[in-house]
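So the structure is just underneath, and the comments pick up after that.
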Amino acid sequence: MDMHFDVIVIGAGPGGYIAAIRAAQLGMKVACVDAWKNKDGKPAPGGTCNNIGCIPSKALLQSSENFEQAKHHFGSHGISTGDLRMDVTTMLERKNQVVKSSNEGILYLFRKNKVQFFNGLASFTRAVDGGFEVSVAADEAVTLVGKQIIVATGSNVRPLPNLPFDERVVLSNDGALDIAAVPDRLAVIGAGVIGLELGSVWRRLGADVTILEGLPSFLPIVDQAIAKEAKKAFDKQNLKVELGAKVREVNATEAGVTIHYTDSQGQTQSLQADKVIVAIGRVPNTEGLNPAAVGLQLDERGAVVVDDECRTNVPGIWAIGDVVRGPMLAHKAEEEGVAVAERIAGQHGHVDFNTIPNVIYTSPEIAWVGRTEQQLKEQGTAYRIGSFPFMANGRARALGDTTGLVKVIADPATDEILGVHVVGPQASELVAEAVIAMAFKASSEDIARICFAHPTLSETFKEASLAVDKRALNF
Ligand code: FAD
Ligand code: NAI
């Protein structure tokens with residue numbers, strides 16, 4: 001087999017596999033190398049997102065939400081469930097099946113698009129005439145040569161100092177997706193996206209969950225009106241979040257953990273739990289890549305340094321996704337992958353970093369696009385706000401899920417929408433409308449004058465847009 005390629009993509013997470021497919025669509029000869037294997041030793045393309053991230057976490061969120069609904073909400077519909085029980089093994093098997101079908105789907109897409117896939121760890125060896133040599137440590141080691149390289153090696157978990165993950169008692173996001181039985185007491189360190197999502201899963205299934213967060217404010221990256229509403233809902237669910245908690249020491253044994261910390265009042269506290277999930281952010285990953293062999297520049301965080309268009313300091317080598325600057329989100333990685341493939345083909349690939357949506361898949365969901373009110377204040381930018389509560393939306397009342405609100409922020413001079421923030425039912429889907437509006441530079445008046453189907457949750461976006469001009473109709 002000829003091992004010379006137009007493009008070699010290193011990593012088959014959402015950034016890498018999408019970049020490989022797009023490059024192949026554009027007529028290039030493409031190889032994609034990925035090291036991930038599943039528990040049976042089979043290739044498992046899809047990266048963090050598919051194997052231990054977005055997809056399995058959403059599978060467990062769905063199962064646990066179904067359980068929560070049956071336990072606490074079916075009764076109000078007149079549905080009785082009798083003796084309701086959760087079989088965690090079946091739930092985990094379903095989750096594994098969802099992951100496996102995505103792995104297989106990506107392998108199918110590679111075949112369909114004639115992307116040559118190699119399952120092994122890729123390392124730069126050297127620059128050669130007109131490209132780069134990459135060795136792949138697989139069952140049968142191979143050496144590939146690519147004219148252009150796209151580095152999409154993603155990110156890794158970040159442990160607390162002196163507290164290695166054993167994935168039995170001290171869990172990373174990986175182990176947190178595979179707990180064999182619902183623990184009585186679960187501690188989580190970090191009230192970020194992973195802490196809240198996975199804390200929610202096990203809380204819904206019956207664990208007593210306490211999340212220790214180092215910062216004094218709750219979800220500082222989220223618009224604070226939305227964060228406040230979400231916090232109220234989590235308090236009601238007894239998903240306990242302790243802010244301003246400085247973890248001093250964690251003692252872990254097979255029997256459980258004791259976490260010694262200082263609380264926001266400066267008092268020494270200790271928390272005992274059966275297991276702890278450490279979710280304090282993730283770090284860019286270039287392990288095994290040997291970037292020095294080609295002089296690839298990394299920053300102090302270990303991220304590959306890139307410009308706005310994902311060019312590294314080495315002409316011909318590009319980098320995308322979690323291994324570079326910017327939010328660690330699957331869809332951001334995908335967009336960068338498409339744009340880079342198009343740039344290599346001489347086209348004008350583009351990513352609009354201002355309209356990348358964010359979603360936290362708790363219940364209620366939290367989703368937003370654009371700038372928060374606190375960011376606008378800090379920047380000294382003038383703004384107008386319109387808010388609309390789900391309580392005033394007929395569909396939300398029919399669903400029996402009226403927590404939360406939609407908040408639209410617009411420029412007072414031009415009325416262009418600057419940000420849309422949602423906490424409430426199906427916020428993850430609703431935010432897509434806001435993304436489209438912002439991508440097309442819509443004003444709040446544009447949205448206020450669009451006809452939305454009734455009764456739908458999306459009417460809240462129209463009403464919040466009307467509220468910017470103080471003329472909401474249903475509130
Ligand atoms: P990755 O998905 O990390 O993929 C990198 C791949 O490269 C891996 O398969 C790795 O094995 C491979 N690799 C690394 N080095 C080498 C090498 N030298 N040779 C060969 N292969 C190599 N994001 C969202 O947008 N929505 C969500 O709902 C969401 N949920 C998440 C839930 C959890 C629990 C976690 C941990 C993350 C979640 N994320 C979510 C973040 C998302 O998973 C990442 O942003 C996304 O996976 C980044 O994609 P990537 O392609 O850059 O890297
Ligand atoms: P995160 O950055 O969202 O949250 C980490 C939290 O831990 C922060 O609130 C931080 O203040 C806190 N923290 C840090 N050190 C601490 C310490 N020593 N003690 C107590 N608290 C501490 O990171 P997280 O949750 O680990 O997720 C990693 C990345 O994965 C996120 O940046 C996100 O982009 C991505 N992700 C995205 C999801 C989504 O889009 N729905 C879901 C899950 C993860």
Side-chain angles (χ1 to χ4, degrees), residues 9-19 32-37 43-58 60-61 118-124 134-138 151-158 160-161 163 172-174 176-177 188-199 211-221 241-248 250 259 261 277-291 319-324 326-334 336-337 356-362 365-367 428:
V9 183
I10 303 177
Y17 92 79
I18 289 290
C32 183
V33 189
D34 188 273
W36 213 300
K37 289 188 195 310
T48 302
C49 175
N50 186 53
N51 291 301
I52 53 163
C54 329
I55 302 301
S57 62
K58 268 79 246 178
L60 295 189
L61 279 157
F118 297 89
N119 191 209
L121 191 72
S123 308
F124 282 115
V134 171
S135 70
V136 180
V151 175
T153 47
S155 60
N156 262 336
V157 289
R158 182 156 87 90
L160 271 173
L163 189 68
S172 70
N173 56 264
D174 191 359
L177 294 163
V188 181
I189 301 179
V193 196
I194 294 179
L196 290 171
E197 289 187 3
L198 295 180
I211 309 182
L212 298 178
E213 166 58 45
L215 293 177
S217 57
F218 182 58
L219 287 176
I221 56 163
V241 179
E242 186 160 344
L243 299 171
K246 303 278 175 259
V247 174
R248 300 284 169 220
V250 183
I259 304 171
Y261 67 98
I277 301 173
V278 178
I280 55 169
R282 292 175 57 86
V283 287
N285 168 42
T286 54
E287 260 175 50
L289 183 66
N290 195 17
I320 60 171
D322 280 13
V323 78
V324 304
M328 288 186 169
L329 295 173
H331 42 284
K332 175 263 193 183
E334 289 179 32
E336 286 182 335
I356 295 174
N358 278 273
V359 179
I360 306 177
Y361 295 82
T362 42
E365 291 184 344
I366 301 166
S428 56

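For clarity, every value in this text was computed on a predicted model and none was experimentally measured. Counting convention: from 1, in listed order, for ligands and their atoms alike.
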Report the part of [X] (side chain from C-beta onward, or backbone N, CA, C, O) that has a heavy atom under 4.0 Å from ligand 1; answer both or neither where that applies.
| X | answer |
| --- | --- |
| N173 | side chain |
| S57 | side chain |
| N51 | neither |

Shortest protein heavy-atom distance from atom 40 (C) of ligand 1, along with the residue and atom involved | C54 SG, 3.3 Å
Distance under 4.0 Å to a non-hydrogen atom of [X]: what atoms of ligand 2 satisfy this?
| X | result |
| --- | --- |
| M328 | 33 (C), 34 (O), 35 (C) |
| L160 | 18 (N) |
| I189 | 19 (N), 20 (C) |
| L215 | 11 (O) |
| V359 | 39 (C), 40 (O), 41 (N) |

To atom 18 (N) of ligand 1, the nearest of A122, G288, G154, A176 on a heavy-atom basis is A122
Selection from L329, T362, L196 by shortest heavy-atom distance to atom 40 (O) of ligand 2 = L329
How far apart are the closest heavy atoms of G321 and A333, and which atoms are they?
->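 Closest pair (atom of G321, atom of A333, distance): CA-CB, 3.6 Å.
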Which atoms of ligand 1 are found less than 4.0 Å from any heavy atom of W36?
->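 It comes down to these atoms of ligand 1: 8 (C), 9 (O), 11 (O).
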Near Y361, which atoms of ligand 1 are under 4.0 Å from a heavy atom of that residue?
->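 Those atoms are 28 (O).
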Would you call V359 a ligand 1 contact, heavy-atom distance under 4.0 Å?
->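 It does not, in that no heavy atom of V359 comes within the 4.0 Å cut-off of ligand 1.
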4.0 Å heavy-atom contact, G120 with ligand 1 =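 Yes, G120 has a heavy atom closer than 4.0 Å to ligand 1.
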Short N or O distance, G281 and ligand 2, threshold 3.5 Å exclusive = yes
P327: heavy atom below 4.0 Å from ligand 2, yes or no?
->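 No, P327 has no heavy atoms under 4.0 Å from ligand 2.
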